Q: 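Quick one: this structure, given as structure tokens, is what I'll be asking you about.
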Amino acid sequence: MRKDFVFTSHSVTDGHPDKLCDQISDAIVDRFLQQDSQASVVAECAISQAIVFLAVQFGANLLIDIPNIARNVINQVGYTGPNFSGKTCTALTSIQELPLDTQDRFDEDALSDEEMDRIKVRNNANCFGFACDQTPSLMPLPIHLAHKLSRALSLARIKGTVPYLSPDGKTQVGVEYRDGRPHRIQSIVIQYCPSEDYNLNLSKKRIQEELTETVVRPAFDNEPVAPDHKTRIYIRKIYYGHGCGPTAHSGLTGRKTAVDTYGEYARQSGSALSGKDPRRTDRIGAYAARYAAKNIVAAGLARECEVQITYSIGLSAPASIQVETFGTGKVEEERLAKAIMKHFPLRPAEIIRKFRLRKLPREVKGGFYRKLAAYGQVGRTDIGIPWERGDMADLLREELL
Amino acid sequence: MLRVISTVPGRVRFKVPELYRSRDLKYFLETHLLKSDTITDFKANELTGSLLVRFKHETPTDRIAQEITDLIQKFSEENHNNRKNGQPSSLVKRKRLKQEDISKRKLRQLLQDSGQQPSKPWHQLSTDEVLKLVGSDPHKGLPSREAEKRLKQYGPNILPEEAARSSFQILMDQFLTVPVGLLAAAAGLSLVTGGVVDAIAIMTVVGINAVLGFVTESQSEKTIHSLKNLVRPMAIVVRDGETKEIGAEYLVPGDIILLRPGHYVPADGRIIHAERLTIDESALTGESVPILKTPNPIKDDQIPINDMVNICFMGTLVTGGQGVAVVVATGQFTEMGKIHALIGEAENTKTPMERELDTLGTKLVMASSILCVGVFGLGILRGNSFLYMLKTSLSLAVAAVPEGLPTVATTTLALGIKKMRENHILIRTMNAVEALGAVQVFCMDKTGTITENRMTVVELYTGNKSITLKKMGTEISISWNKALDDPAFTEEAATLIIAVLCNESELIENGETPRLNGTPTENALIDLAMKAGMDIKQVRKRFPLQKILYRSENRNWMASFHQMEHNQILVAVKGSPSEVVQLSTHQMIQGNLVELNDNSREDLLIQNERMAKYGLRNLATAYKIIEGPFNKDEADSYVKELIFTGIVGMADPVREEVPRFIEKLHRAGIKTVMITGDQAPTAYAIGRSINISGDEPLQILDSVSFSKLDKEARVSICSRVHVFARVSPANKLEIVEALKEAGYIVAMTGDGVNDSPALKAADLGVAMGATGTDVAREVADVIVEDDNLETLVMAVAQGRTINTNVKKSLHFLLATNMSEIMVSFIGNVAGWGQPLTEMQLLWINLVTDIFPGLALSMEPEHEEVMEKPPRNPNAPLVGESELKTWGREAGVMTATSLGAYFYGISRYGLGPRASTLSFLSLTASQLLHCLSCRSDDTTIFSHETLPPNPHLNLALWGTFALQGVAMFIPGLRSLLGISRLGLLDMAVVGAASTAPILINEALKPKGDKK
């Protein structure tokens, strides 16, 4: 039982170099899947000093213009200035084409149950999913708020309310818990970087006021736990030495896994999520685990729930499942685990089919994975994410209560 | 006679039977109609015999008709007269300038005295403004006097050439090396001290060297310069109201030039009239698709050359239509001239071997000087006479310097050049040969080097199936007779027929090989049809052309209307697939018409995308048959509800020999890099198909602003990249320089003007002979005459062989010289008299060192020369390990020679007999050592045999013979101080000569044999 403590999570805007790389990697995945839904692809991206390094391994029956995708993402995120933009950056692409592996090329919709059993896991993996009732989206409060703040920061720039911001920014929220429940906001940190293309002659105080007004206030609209007069609010300019974004600090795919998931409130796997196709269990397992955990909490069977799935190479079904409810469970954890095994998609082919992971990039306008790559891959309510649906809650409730 | 076809106010279309297929009349009409006050615009089409004229509203049509009739009359009279006088019936008066053609030197003088040409944003100004600024009249052109004046003011339209090296310069260069310097000093000293013979002997060697070098270098310079195009570029210009053809060098700003297909643009000009004028600017921009030109001004001020569609550039080729331009820049003020200037800025480089031989020479000179001084001093201290010691130490110095060295290097390289010339590789400098042997990275320009620079149809998608064409269309078999009777016979036939009919390329059949005159795309289609067995002329005759609807801004397709039997009209459409698909309602599949719905349309578009992804340029074909007669003015209304027949995918094919070439380079340890202006996926597809990355994953660098990168980043990235995509010409130079900074020896191939700076900066610049431009050839180090890349591999092998051969010669020369030094030195220092007299030393040096050394440098190519990586350019030719080995070999020879000496002393005491023994032993063992130097890996004991070297055999036998002669001719014998020898003495000499080679071969370090 967690008692009194302060917990802090952070989030970044979509222009932060690490997140930018995540988005580029996932945009590449989207593109491949859009045209060949059975493609396998691993895309890694690194950015430094206006050079984009792309390493892509793929097995597909088509070619895509990889540097062009990276450039489009960079432009769309908002880097269009003279120092760094999609048009002027240099792209070094290392491409390795893999032979089309017939084992991985299957149509998940057409498989029977036995055939699904034949699609095996290729590597050992631990997958964690978490849900708690601290917010309506069933996510821990700190990361939820951090995302709201970073979105507001980005929105302020896009809308033109605060025109001197560059796409690069970072937010941190510290929440004070009492008796395991969020009590108050202990601290808020907003780190912004003024764009070089702007002649900024506002005073620091003025900027702080402006950002408080346009970023902090809207983020806490309708939030039960809001800053009070004792909350430490820091709005600071990040000073890197020269410029913002990739010209100032470098980025790499998969370095913001905490931002992608639960803000370190729950356990998570060390593997990155972005840049991988749906055949990768270390990615889709995380989604499956979240699906299970969320439905358990949505069904009222626990207030806090962590689902841990272990996959083992050569098997198709998980090697084991653990459910941890931190003492808030209304039902024994073994029963919950059994229910999950029975009703939830856990085998790789099943997960792909249930969440339509190979078909979504074609169906969602502007790509699917690309959108996941910023502001969280779980716990989002702005886009229709299959694993965020609480459609199994009733079933669980009936069965277990 | 003239007939009016249609008329609206201000516009009339005539049918002029005389115009049909008469290019000459067309030109004639154009030039004269330009001058007319009433006529504002016109379009003459000799294919249809129609003339479209726009004129001032008030003028009655009859008057226009009369004007034209008069012109036609004038034309036929002129023609008639010309033919009577035996002149060709061409209207373009080939009038040369009245004064004598100005000589080249005078042109250069004019160039030097000329002033600046003002540079203005010509593309932004309207045609009237431009004409006013340059002070020119579009109808009359410049008056000749004004042209002369401007010629003096602005200089002739030529680019400053690189002056060739004069013979004197070449001769002088032979003498300006350090070893020669020392030898000359030694000779001088000898002369001063009375050793005339010595001095003569030394200077003879220097002389031989100089002559050899001079002959070979001047020979190659001559060859290279003979490559330059001797044909003078001409221009069609309007002066004094008349059209004439003059040498392009006389053009000045303000001249009115006429642009015709198949001619090079002679100077930079602002277009003032264009009739579907298209120009191939690939020599300047690398873009092989011709650009459509227009006379309209362009608003933006800073635009790249590719976008200046109202300017024509010097050195580019007119491919279609025609036009008129006013010259705005000539000579070095043109775009091509500016690139030419860049060439001057890129530095020239010295090859590693040259540098090393220089250092070696210097080091040896220093070492020998020290030795000299040392021996001299020691001798004096011992009490020997000044003169005696001087002579001795001088001869020691001469012994220390391998005189044969400069000769060997020069001769080897010269012979290499000659051999390569026999294989169609032209070498411009001696250094290029070395660079060939040391090259580590090969940069290839995609267009023209890796690809053939020629559009070819590679895929045909018809009736929902796709045919890949590897053999240029011979895979398609169509029974043409049937097809012509019913175009709906098969979709392949239909596609090809449409492609040929809706096509403006002309098939010119004079002589044996038919030529195609048109855009690359349309030529490719005709080519395909021909290879599939179609008789183009027959088809075009069968369906005579009635009208063409051209592509335009909003219309990405072209339609042509043809007469069929039974008063029907065939509408043939070809163009951008997405648009043609939208216009079609049916598709032909297996000869049947199938209706198109949204899904099938989408499928067609996906096919199009698939083909486009592989870098193909796609055109779709469709047709319709309508009942005639049809209203030509409403032609575009008929183009709908078409029957879709297929998509044709074209690409610039990869040359067949390229993958093999790359594999050979990889086996020889040379990295390959491709440079292209294509987008990344096309570059990837091509790079993969030629396996440019070998075993590694393919790395592509896609960059527009390469120069903005940090220098270190540039250098480290460059060395890992296999393909540079979206590269502009300026980037090529940056890439070459970055690779050089990374420490590589870089070879670069190119054929356009824009490649020149990169070619010059590379360690080895390679230009293609037949397709390359003059500028590229002038600047390159190597020219591949037959455009065959595999010849280059042979050249690299030859270059490497030459390198190793020079090393072998060095090996021989140094080892033998070291043995001479050791013998004399030890003898002198230890006070054992003179094992070798000065004359003997000189004899050894001059006679026995040059020819075997030379012969070694002509060692034939060993098999494994291309199976090993290139030698490390940073590793010296003569390094520590070499010195140790060679020192050891020299030591063995010294030991046996001194052994014979001691035997001699013990038997005969100090004197000539003893020194004869050491002299003969040393000479013989040195000659045999030559055999050991043939290879670093094989020994005389091993089973592998080396390819025979007849020169070496000749040299050895010859020198032995010479030795023998020396022993028997009295005069020579006394000069050399050789005395009679007994049998036992001969035996000792024999033993002392053969022992070293046996010992040295046995001790030869064995390398890894794979």
Side-chain angles (χ1 to χ4, degrees), chain A residues 24 28 31-32 34-37 39 41-72 74-75 79 81-99 242-243 246-248 250 362, chain B residues 602-603 605-616 673 676 678-689 691-728 731 734-735 738:
Chain A
I24 293 174
I28 295 175
R31 219 18 202 281
F32 270 108
Q34 270 167 3
Q35 322 235 3
D36 176 11
S37 65
V41 55
V42 174
E44 312 273 8
C45 174
I47 285 193
S48 172
Q49 304 273 13
I51 309 176
V52 181
F53 298 90
L54 297 156
V56 179
Q57 288 184 351
F58 70 95
N61 54 17
L62 71 146
L63 274 180
I64 63 174
D65 192 343
I66 295 172
N68 202 32
I69 294 177
R71 290 178 200 279
N72 283 340
I74 293 171
N75 279 333
Y79 286 109
N83 284 336
F84 176 66
S85 76
K87 194 164 142 190
T88 58
C89 69
T90 302
L92 180 60
T93 316
S94 174
I95 303 182
Q96 192 163 32
E97 204 172 324
L98 304 168
H242 44 278
T247 44
S250 48
R362 197 188 283 209
Chain B
E602 168 102 10
D603 283 338
L605 291 175
I606 288 179
Q607 281 304 319
N608 178 40
E609 222 185 37
R610 175 187 63 82
M611 287 161 76
K613 287 242 167 63
Y614 283 86
L616 301 186
V673 166
T676 169
D678 282 336
Q679 308 281 327
T682 318
Y684 173 72
I686 297 180
R688 196 176 47 153
S689 70
N691 196 26
I692 197 160
S693 63
D695 296 326
E696 305 165 0
L698 189 61
Q699 305 249 48
I700 304 181
L701 183 71
D702 176 297
S703 174
V704 195
S705 57
F706 193 53
S707 46
K708 283 212 192 129
L709 287 182
D710 199 25
K711 181 173 137 175
E712 277 144 20
R714 257 209 310 252
V715 167
S716 60
I717 288 180
C718 259
S719 38
R720 295 190 211 309
V721 172
H722 303 110
V723 176
F724 291 87
R726 295 216 296 158
V727 162
S728 72
N731 289 155
E734 286 165 12
I735 293 171

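Below, all heavy atoms of this structure are taken into account, side chains as well, without hydrogens, waters or symmetry copies. Note that this is a predicted model, so its numbers are computed, not measured. By convention in this document, chain letters (A, B, ...) are assigned in the order of the sequence lines, proteins followed by strands, and residues within each chain are numbered from 1.
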Q: Once rounded to the nearest 0.5 Å, what's the spacing between atom OH of B/Y684 and atom OG1 of A/T93?
A: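 It comes to 11.0 Å.
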Q: Contact between A/R71 and B/D702 at the side-chain level, heavy atoms closer than 4.5 Å - yes or no?
A: yes
Q: State which residues pass side-chain contact (heavy atoms from CB on, under 4.5 Å) with A/A39; sequence neighbours excluded, sorted by chain then number.
A: A/F32, A/D36, A/A60
Q: Looking at residues at least two apart in the chain, or sitting in another chain, which of them share a side-chain contact (heavy atoms from CB on, under 4.5 Å) with B/Q607?
A: B/Y461, B/R610
Q: At a 4.5 Å cut-off on heavy atoms, which part of B/A683 comes close to chain A: side chain, backbone, both, or neither?
A: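 Contact with chain A involves no heavy atom of B/A683 at all.
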Q: Need one label for A/E97: side chain, backbone, both or neither, based on atoms under 4.5 Å from any heavy atom in chain B.
A: both
Q: Which bit of B/F724 comes within less than 4.5 Å of chain A, counting heavy atoms only: side chain, backbone, both or neither?
A: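 For B/F724, no heavy atom lies under 4.5 Å from chain A.
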Q: Would B/R688 and A/I95 count as a side-chain contact (heavy atoms from CB on, under 4.5 Å) if you check the C-alpha gap in whole Å, the side-chain angles of each, and the deciding distance to 0.1 Å?
A: CA-CA 10 Å; B/R688 196 176 47 153; A/I95 303 182; over 6 Å; no
